[in-house]
Each structure stands twice: as C-alpha cells, then as structure tokens.
Amino acid sequence: MQVSFNPSLEIDRVLRETALSVPSIGPDFDPGVRPADPRFGDFQANGVLGYAKRKGINPRELGEALLHALQASDKLDPKQIEMTLSGPGFLNFRLSGEFLWQWLLEHAGKEDFRAGATSLRKGRTIVIDYPSANTAKQAHIGHIRPMVIGEAIARLLDFCGAKTIRDNHIGDWGTNFGTLIMKIKRDGINLEQISENPLAALDNLYKAGSALEQEQPELREQSRSELVSLQNGDPENTALWEQIVDISTRAFDALFAQLGVRVDHTLGESFYRDKVDRIYDELTETGLAEESDGALVVWHDEVKKFSRDNERPYPFNIRKKDGASNYATTDLATILYRVEEFKAEEVVYLTDARQQDHFEQLFLTTKKWFAAKNYPVPQMNHVWWGTILGPDKKPFKTKSGETIKLQALLDEACQRAYIVVTAKNPELEEEERRQIARTVGIGALKYADLSSNRTQDYVFDWDRMLSFEGNTAPYLLYAVARINSIFRKTGIDPDAAIEGASPLETEAEQTLARKLMGLPNALELTLHDLRPHFLCTYLHELAGAYSSFYNADKVMVEETDVRARRLLLCARARTVLITGLELLGIDPLERM
RNA sequence: GUGGGCGUAGCUCAGUUGGAUAGAGCAUCGGAUUUCUAAUCCGAGGGUCGGGGGUUCGAAUCCCUCCGCCCAUGCCA
C-alpha cells in the first residue's frame, strides 16, 4: 500500500478524475476535500452540495452518482478508505487502521515531513522583508511581532521548500539623523565613550534634541543642514552616522540572538540612496507619476480612495516637495533591487496593520510600473498584525504609561519563568534551571504572539502565557519533556527505528495517530494565509491527544509488541511537536 | 465622510470555497495519582455568534441596515 504525506490531496485528485466520468459533472467541479469531524470520518468532500446547487440538480443524487463511479473505478481501495454518502450529500472518507499505521511508518523523522512539505513552495525564491528595525531607537514591545512572526513565517517557507532571503530593510537614512547629529555636535559628545547602553544614550540624545528644537526653532534649520551635509557626503557627519548605525546594529544583533532571528541581508534606506533617481525617471517616463503640490505622486484612479477625484486626496507620494525621497521611494527602489538582484518571485512584507494603505499603493504602483517596463512582476504579500494590548484593552504600556522596552520584556519573561521552573523542579542545578527558564520564558512570549490570529489585537497576560495549562508554550514543551523522559528511562534512542510493533488498538492510540496525520493540513493552512496560529492550534491539539494517550495507556508495559507500538507513537508525537516548535522558532527542551 | 479590522460562554480566543448538534483553554463544580515528570487526565454546567432584515436545502461565515470599539486617512516609517 502506498500512502502520501497528505492523503486528502490524493482523495481530491481521485475525486476530480472520477467526476469526469459522471455525466452530470463538468470539469469545473471542485470536490472540496477537508478534514472531517471524527464522527463522520477522517476527510469529507463538501463540493457536491455547492456544485449541485449551482447546476440546479439534486445533491443527493449527484453524490450517489459520484460515489458509485468512485466505487466502480477502483482508484481508492475500499479496504483502506471507507467511502460513504450521508446527509444532503456529504461524501465521507474514513481511513483504516492499517492505513494510519502505514502513514506512521512511512513518516518517521523530521526529514520525512520536510520531504512531504517541500512540494508546497519548491524552489520558489521568496524575499521576506523583516524585521525592519529603525536605527538609533531602542526596540520596544511593538518590535517583538515582526521578529517573532517574521521568523516563524521564514522558517515555515524554508520548510516548505522555498529559497528564502531574509532582508532587514532598516530605516537608517531618515530625517532624525539631522537632529541627532546636531545634538551630538552641540554637546561635544564622543560616541566611542558612551558606556553601558549606547543605544539608550542615542535614544535620549534624540529626544533631548527634539525637545531643544521645540524650545529654539532656529535649531531646526541647523538640524536640516546637518542632514543635508550628511546626505552630501560630509566626512565628519558620515563618520558620526556610521557610528550611530554601528551602535544600533550591535544592539539589535543582541536582540536577534536572544529571539533566534536570522538575517541574511541588511540593506537599509541608505543603501538605496543612489538608486532613487531611477525610480523618479522610470515612473515619470512611463506616465505613472506626476506633479501635485510640488511633490511627485502616483494616482490610482481605479481605486476610489487613491483616485485623484476622491474627496480627500490620497496619492502615493514618491518624492516630497522639498525634493527628498521618502519610504515610498525606497520601497520602490527596494522591490526593483529584489527582483533584479535576488530574482525574487515573491516578496513578503511584515508590518503592523497601520501600513495597509501604503502597501496597497506600493503594490498597485509596482504592478503598473513593472508591466510598463516589462520587468517580471513578483507576487507581493503584506503580512500585517494587530496591536498588543494591556489588561485595560489599550496598547500595552508600563504602569507609569511608558513604552515597554523589548529587552525589559525579555528579561521579565525569563525571570518569571525561572520562578515557575524553580517551584516545579527545585532539584535541578541552578544553571540548568536558568537555561530552561530562558527557553520557557522566551518561548512563552513568542507563542503568545503566534497563537492568536495575527490580524487581531491580542491581550497580553503574563500568567496565561506562562501557564502549563491551555494553549501555551510551556504545555507543549512539557509534553515533549515527558516523552523524552520515557526514552531516557528506557535508554532507547527516540530517533531510532522501532521494530516489532503491533497495529493500533486502543481509542487513545487511534486518536493520537489521527492527530499526527493532521500535520500536512496544518502546514497548508498556515502557509496559505501565512498565519502561524493554525500551526499553534494544531500543536496544542496534538499535545492534548498525546497527554490523553499518556494517561490512558501505559507505554512501558510487559507485552513487547504493545510497548513497541506505543513507543512508536511517542516517537512520532515527539518528532511532530519538535518540528512544529522549531518552525515557530521555539527551542524544544530535553527536560524541564 | 471614506477605507481596513473587530464584536462568538464570566475571561482569553478558535471556527479552512456557506455545511452536519457553534468549539477549545482559563475560571467554576465533580472525579482520577502505590504514576512512564499530576506541570497531567476524565466529566459537568455555561451561548438569542452585537441588534434587525434578506439570500437558501443549510448562515458565526454572504448581502442590506443599525449600534459599539480600534486603526488609517498626501509629503514620518
């Protein structure tokens, strides 16, 4: 018997083929195969109902015709896949225990899952635009989302066969440098002598500089001229700028290391400063851009909001009236670079919800521009998310109303986790407890960010995310640790082949086995919308199925065949949980 | 005003082209532990899916309308 990584695709394919032989069904038939409620089977095909409705035929009769054709075709072995028609026209498919078992045998290790998933995005070159931090400012709680969601999505795309390029598009050429340089020069500060937290010092200098500009507006002119001379290549200002960027880079690298974020390229706005003239030229030459109020803008008349006769004009402004570029300009230059240099077939942007209009305009403009110039148009995708809220349902702040620094957040997560770990497992060495606490704390923080639908705001709650109950990282990590414990005690390598197992028997075994086979669907859902919470939900259900199994059926029993079978289930659960956690950017633990 | 998101159990959230009796976790209540990590498991109660109307075999999901919350609304990113 042959089983595929995702049996529902196989069923879908067979249904489409078979449908061609049914007179009342045309080639536009979509079987609509999906996982079913366990009461009805493993998979169900709902497409018959919708199709019958559109064609004005009786759905039950259509279902019967399709089912008969299916049974006659011999394409699905009825001993392995039981097919039934029920209700108004649902087609239900239940896999045999033998089929399930075969699936478990053929999908043993992480590489088998990867091999199954790799067809989903095989060889596709995808640039991921993240985490796109700003220079000269300390990271705060808001920056955790691009790092965590971006990393998870990048790992998922990697796993599914894409050739990913993680491009950190930093804001290192903005107007804030004028103010910062003005303030640094005014105070005669030597950046090399700033000690402990240089980025915090820069942050404060900028704030002080801005405040000063408020008091003495004439200083704004000075800041502007510092910026102009920086942009004209003045050696002194360039040296200062390099120091500032360097300080920022170091600070962010430290955060990336703690959060497991990997960056392939850091090509910020400064990198594109000599590439913007081409943007102005090409967009003007193709007739897309025109002057408006002294600025160079692109209108999109087919979209009401961006059309020139909208009651509130909202064009895509690509050059300010003072002649300077802005983020629209650099984003256009950037996408061109990614297509020309990286051969990007797809670009995924990760930002918060507030930038939706910008990306809609960017995508519209890029499509028209590339079409006019005959450049390959990449698929463009804006992955956006909501706000992290505090208990008061307002953006999460400290008690005194200040923005929470990202480093402080990470430290608190580890501290809180350490207290919990120490309470639960005091006999471990302190160093190991510290290490476990780091994994649990950071993992809990990440999981909280990933487990709810990203397009919604979510309420931040320390106690909930660090709880060992519910849909949390500790619950998943604990499930893995318990499995590890079994293998440690028996001295068996969880990755080694397990021989002599007898087929599945108990209800808990079968439920767990079915849940294990749900991985392909979870991956596809996650990939389709680039929403990691689908994977989280699946992993939580899997860990739950494992825990139920663990409580119901003892693994280390005398009968060697039963023991082997249950060990195999443990090994598979472990592999899937570990694989899933790693895709989310969470490090599994040997014990906790 | 326009556009986007949202409103589902006391709380936090799921809910895959419209599908079968709307789910989970927490909290509450009742059980299970000479245990392979009980940091767990099993069970119970809890809902006019914001209100109203419509489309149809079928609506949390689609359409209309109203109410409420968050966000965006040309030269910051």
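Convention: sequence-line order gives letters A, B, ...; per-chain numbering from 1.
Note on A353(A): nothing from the nucleic acid sits closer than 4.0 angstrom, heavy atoms only. Using a 4.0 Å heavy-atom criterion, one finds that G32(A) contacts the bases of the nucleic acid, with or without backbone contacts as well. The residue Q355(A) sits close to a base: some heavy atom pair falls under 4.0 Å. Here D172(A) lies out of heavy-atom contact (under 4.0 Å) with every strand. Using a 4.0 Å heavy-atom cutoff across all strands shown, D352(A) reaches no nucleic acid atom at all. Across all strands, N310(A) comes closer than 4.0 Å to no nucleic acid atom at all (heavy-atom distances). Backbone-only engagement by W384(A) is indicated by non-hydrogen atom pairs under 4.0 Å involving sugar-phosphate atoms exclusively.
Of the candidate nucleotides rA38(B), rA72(B), rA14(B), rA14(B) has the atom nearest to the side chain of H533(A). Taking every side-chain heavy atom of N521(A) into account, rU16(B) is the closest of rC36(B), rU16(B), rG19(B). Nearest to the side chain of K489(A), among rA14(B), rG74(B), rU37(B), sits rU37(B). The side chain of Y550(A) has rA38(B) as its nearest neighbour among rA38(B), rG25(B), rC13(B). In the set rC36(B), rG74(B), rG1(B), rG1(B) carries the atom at the smallest distance from any side-chain atom of R312(A). Closest to the side chain of D357(A), out of rA72(B), rU40(B), rG19(B), is rA72(B). Out of rA39(B), rU12(B), rU37(B), the shortest distance to the side chain of V459(A) is found at rU12(B). Here the side chain of P35(A) is nearest to one of rC41(B), rC36(B), rU16(B), namely rU16(B). The side chain of R482(A) lies closest to rA38(B) when the candidates are rA38(B), rA27(B), rG74(B). Listed nucleotides rA20(B), rU37(B), rA27(B) differ in distance to R591(A); the shortest reach to its side chain belongs to rU37(B).
Pairing for rA44(B) is with rU28(B), a Watson-Crick or G-U wobble pair whose two hydrogen-bonding atom distances lie under 3.5 Å. When Watson-Crick and G-U wobble pairs are counted only if both distances are under 3.5 Å, rC6(B) pairs with rG68(B). Under the Watson-Crick and G-U wobble criteria, each requiring two contacts below 3.5 Å, nucleotide rA14(B) is left unpaired. Base pairing of rU34(B) is not made with any nucleotide, judged by Watson-Crick or G-U wobble geometry with both donor-acceptor distances under 3.5 Å. Figure legend. rA39(B) is base-paired to no nucleotide; pairs are counted as Watson-Crick or G-U wobble with both atom distances under 3.5 Å.
Put simply, the side chain of Y327(A) and the base of rA77(B) share a donor and an acceptor less than 3.5 Å apart. With hydrogens and angles ignored, a donor-acceptor pair closer than 3.5 Å exists between the side chain of S292(A) and the base of rG74(B). With hydrogens and angles ignored, a donor-acceptor pair under 3.5 angstrom links the side chain of S86(A) to the base of rA20(B). Taking 3.5 Å as the limit, the base of rG58(B) and the side chain of K53(A) contain a donor-acceptor pair of atoms between them.
Rounded to whole Å, the distance from CG on L542(A) to P on rA24(B) is 17 Å. Spacing between atom NE2 of H358(A) and atom P of rA72(B) amounts to 16 Å, rounded to whole angstrom units. Distance, D331(A) CG to rG74(B) C1': 16 Å, rounded to whole Å. In this structure, R94(A) atom CZ and rA20(B) atom C1' are separated by 14 Å, rounded to whole Å. The CG atom of L525(A) sits 14 Å away from the P atom of rA14(B) (whole-angstrom rounding). Taking atom CG of D392(A) as the reference point, atom P of rC69(B) lies 16 Å away to the nearest angstrom. Between the CE atom of M465(A) and the C1' atom of rC26(B) there is a distance of 14 Å, given to the nearest Å. Remark: P of rU37(B) and CD of E427(A) are 12 Å apart, rounded to the nearest angstrom.
When atom types are taken as modelled, the side chain of N425(A) and the backbone of M592(A) share a donor-acceptor pair closer than 3.5 angstrom. Between the side chain of R454(A) and the main chain of L530(A), a donor-acceptor pair closer than 3.5 Å is present.
Remark: aromatic rings of F316(A) and H300(A) are distant, center separation not under 6.0 Å. Here the two rings, on H528(A) and F534(A), have centers that are 6.0 Å apart or farther.
For rC42(B), the OP1/OP2 oxygens have a side-chain nitrogen or oxygen of S548(A) closer than 4.0 Å. Look at K305(A) and you won't find any side-chain N or O under 4.0 angstrom from OP1 or OP2 of rG74(B). Side-chain nitrogen and oxygen atoms of Y538(A) include none within less than 4.0 Å of the OP1 or OP2 phosphate oxygen of rU16(B). When the side-chain nitrogen and oxygen atoms of Q456(A) are compared with OP1 and OP2 of rU12(B), none of them lie within a distance under 4.0 Å. Distances shorter than 4.0 Å separate some side-chain N or O of R34(A) from OP1 or OP2 on rG19(B).
Side-chain atoms of N484(A) and R574(A) include a donor-acceptor pair closer than 3.5 Å. Counted by atom type alone, Y314(A) and D357(A) present one or more donor-acceptor pairs between their side chains at under 3.5 Å.
A stacked arrangement is not assigned to F90(A) and the six-membered base ring of rG19(B), the conditions of a centre distance below 5.5 Å and an interplanar angle below 30° not being jointly met.
Here the separation of rU33(B) from rU40(B), taken at their C1' atoms, is 10 Å to the nearest Å.
Annotation: cation-pi geometry not satisfied between R16(A) and F29(A) (NZ/CZ under 6.0 angstrom from ring centroid, within 45° of ring axis).
For the pair E64(A) and R60(A), the salt-bridge criterion is met [side-chain N within less than 4.0 Å of a carboxylate O].
Both T387(A) and R531(A) lie close to RNA chain B; mapped to their nearest nucleotides by heavy-atom distance, the more 5′-ward contact belongs to R531(A). Toward the 5′ end of RNA chain B lies the nearest nucleotide of R39(A), the other residue of the pair A481(A) and R39(A) mapping further downstream.
Paired with H540(A) under the rule ring pair (Phe, Tyr, Trp, His ring centres under 6.0 Å), one option of Y475(A), Y546(A), Y478(A) passes, and it is Y475(A).
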